[in-house]
Amino acid sequence: MALLQVNNLKKGFGSTDVLKGVSFSLEQGQVLSIIGSSGSGKTTLLRCLNFLETPDEGEIWVQGKQLLTGSKTDIRENRLHFGLVFQNFNLFPQYTALENICLAPTLLKTGTSAQVREQAQQLLQQVGLSNKADFYPYQLSGGQQQRVAIARALILKPDILCLDEPTSALDPELTGEVLQVIQQLKRNGRTMIVVTHEMEFAKSVSDVVIYMADGMIEEIGTPEQIFDNPCSEKTRMFLRGAQEKF
């Protein structure tokens, strides 16, 4: 059984259909990269998976459980299956790096204060920032802020870590340090969904690649299939454009 199964997910805003029936599955430990032009529905898909948007139709199954049914309390609990890292970090400026990571588990009472603090310190070490625990976001580089955001998402132990363009707000020299952390998470068996414009990174880190166009999955396959031998003309045109741009 797949860890994640998405069936016929649809989402519209007013008269605009943004997701037009998206279906895919993801196995434990796999990394799925989603590529596509702006407006293709990539971020809306992530927001639906993380319950920041409510799909109009469809199903989301994790570990054999349908997540889009039940009470508001059930949905709040179901949200914890996913962790989301935003492209613009979204750290709280009034809290230190350590406090940003500790905030959610403290509010949710997932452990004692000492336990939460120890877990946060371990995650800071994992992302290479153990010496920045008492720094505020303004004292950190963009790459360091994004690594704190990754640690913050991981502390709630989500089944699936979602990253929405994790390097798009970074200067090129800071991109590498974030990509190294994601590569390390993959080596550790972390299941991830990554929306990215970094084609070489997607090719190297992914087990599965989805190319989205016009709110639908135009093509899905291994990195070798998508990047080296795409079947769809839309995919070929997108990849040619991406190569010319970067």
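One finds the CZ atom of Arg47 at 4.5 Å from the CD atom of Glu53 (value rounded to the nearest 0.5 Å). Taking SG from Cys102 and CD1 from Ile155, the interatomic distance works out to 5.5 Å, rounded to the nearest 0.5 Å. Once rounded to the nearest 0.5 Å, the distance linking CD of Gln145 with CG of Asn100 reads 9.0 Å. Taken from CD in Glu99 to OG1 in Thr96, the straight-line distance is 3.5 Å, to the nearest 0.5 Å.
One hydrophobic cluster holds both Phe89 and Leu98 under the rule that ILVMFWY side chains link at heavy-atom gaps under 4.5 Å. Put simply, Phe24 and Leu46 are part of the same group of oily side chains (I, L, V, M, F, W, Y) that touch within less than 4.5 Å, one to the next.
No donor-acceptor pair under 3.5 Å is formed between the side chain of Thr44 and the backbone N or O of Gly41. Asp56 places a side-chain N or O within 3.5 Å of a backbone atom of Gly12 that can act as its donor or acceptor partner. Remark: the backbone N or O of Gln225 is paired with a side-chain donor or acceptor of Thr222 at under 3.5 angstrom. One N or O on the side chain of Gln146 and one on the backbone of Phe86 form a donor-acceptor pair closer than 3.5 Å. A donor-acceptor contact shorter than 3.5 Å is absent between the side chain of Ser40 and the backbone of Ala213. Judged purely by atom type and a 3.5 angstrom limit, Thr16 has no side-chain atom pairing as donor or acceptor with the backbone of Val18. Proximity of a side-chain donor or acceptor of Glu118 to a complementary backbone N or O of Gln115 within less than 3.5 Å is not detected. Although no hydrogens or angles enter the test, the distance criterion places no donor-acceptor pair under 3.5 Å between the side chain of Gln30 and the main chain of Asp207. Remark: the backbone N or O of Tyr136 is paired with a side-chain donor or acceptor of Gln139 at under 3.5 angstrom. With Gln28 contributing its side chain and Ala2 its backbone, the two residues share no donor-acceptor pair below 3.5 Å.
No side-chain donor-acceptor contact under 3.5 Å links Thr235 and Glu218. For Ser204 and Gln183, the side-chain atoms include at least one donor-acceptor pair closer than 3.5 Å. No hydrogens or angles considered: nothing links the side chains of Thr167 and Thr175 as a donor-acceptor pair under 3.5 Å.
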Checklist entry - Where do Lys42 and Asp164 land on the salt bridge (charged side-chain N to carboxylate O under 4.0 Å, His left out) test, with the steps shown first? => result CA-CA 8 Å; Lys42 306 184 302 297; Asp164 186 13; over 6 Å; no

Item to check | Steps toward side chain to side chain contact (heavy atoms under 4.5 Å, CB included) verdict (Leu185, Gln126) | outcome: CA-CA 9 Å; Leu185 292 173; Gln126 185 177 339; 3.3 Å; yes

Checklist entry - Run the side chain to side chain contact (heavy atoms under 4.5 Å, CB included) check on Ile193 and Leu161 step by step: do they pass? => result CA-CA 6 Å; Ile193 299 176; Leu161 181 65; over 6 Å; no

Checklist entry - Under the side chain to side chain contact (heavy atoms under 4.5 Å, CB included) criterion, do His197 and Ser168 qualify, and how do the steps go? => result CA-CA 8 Å; His197 64 274; Ser168 66; 3.7 Å; yes

Item to check | Verdict with reasoning, Gln144 to Glu177, per side chain to side chain contact (heavy atoms under 4.5 Å, CB included) | outcome: CA-CA 8 Å; Gln144 290 169 339; Glu177 63 188 53; 4.1 Å; yes

Next on the checklist: Show, in sequence, the C-alpha distance, side-chain angles and deciding distance for Glu233 and Arg236, and conclude whether the salt bridge (charged side-chain N to carboxylate O under 4.0 Å, His left out) test is met.
Outcome noted: CA-CA 5 Å; Glu233 179 59 27; Arg236 289 192 288 270; 3.0 Å; yes

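In plain terms, the two heavy atoms of Gly83 and Asn50 that are nearest each other are C-OD1, 3.8 Å. In terms of heavy atoms, Met192 sits closest to Leu26 at O-CD2, 4.0 Å. Between Ala97 and Leu140, the shortest heavy-atom contact is CB-CD1, 4.4 Å. Ile60 and Leu49 make their closest contact through CD1-CD2, 3.9 Å (heavy atoms, listed as atom of the first residue, atom of the second, distance). Considering every non-hydrogen atom in both Ser23 and Ile217, the closest pair reads O-CD1, 3.3 Å. Of all heavy-atom pairs spanning Val209 and Ala202, the tightest one is CG2-O, 4.4 Å.
Under the 4.5 Å side-chain criterion, counting only non-hydrogen atoms from C-beta, Leu84 is in contact with Leu52. In this structure the side chain of Ile182 reaches within 4.5 angstrom of the side chain of Leu163, judged on heavy atoms. Counting heavy atoms from C-beta outward, Leu4 and Trp61 have side chains that stay 4.5 Å or more apart. Contact annotation: the side chain of Cys48 approaches that of Leu9 to within less than 4.5 Å [non-hydrogen atoms, C-beta and beyond]. Here the side chains of Glu59 and Val6 are not in contact, with every heavy-atom distance at 4.5 Å or above. Side-chain contact between Leu103 and Ile101: absent, with no pair of heavy atoms (C-beta onward) separated by less than 4.5 Å. Counting heavy atoms from C-beta on, the side chains of Val194 and Ile34 never come closer than 4.5 Å. Within the 4.5 Å cutoff, no side-chain heavy atoms of Glu219 are placed close to those of Ile210.
Sparse packing is recorded around CD of Gln125, with 12 or fewer heavy atoms of other residues, nucleotides or ligands lying under 6.0 Å away.
Using the six-membered ring where Trp is involved, Phe92 and Tyr95 have ring planes that are perpendicular, over 60° apart on the 30 and 60° scheme.
Judged by the 6.0 Å and 45° rule, Lys11 forms a cation-pi pair with Phe13.
Within the structure, the ring pair (Phe, Tyr, Trp, His ring centres under 6.0 Å) test picks out the following pairs touching residues 207-229 (sequence neighbours left out): Tyr211-Phe238.
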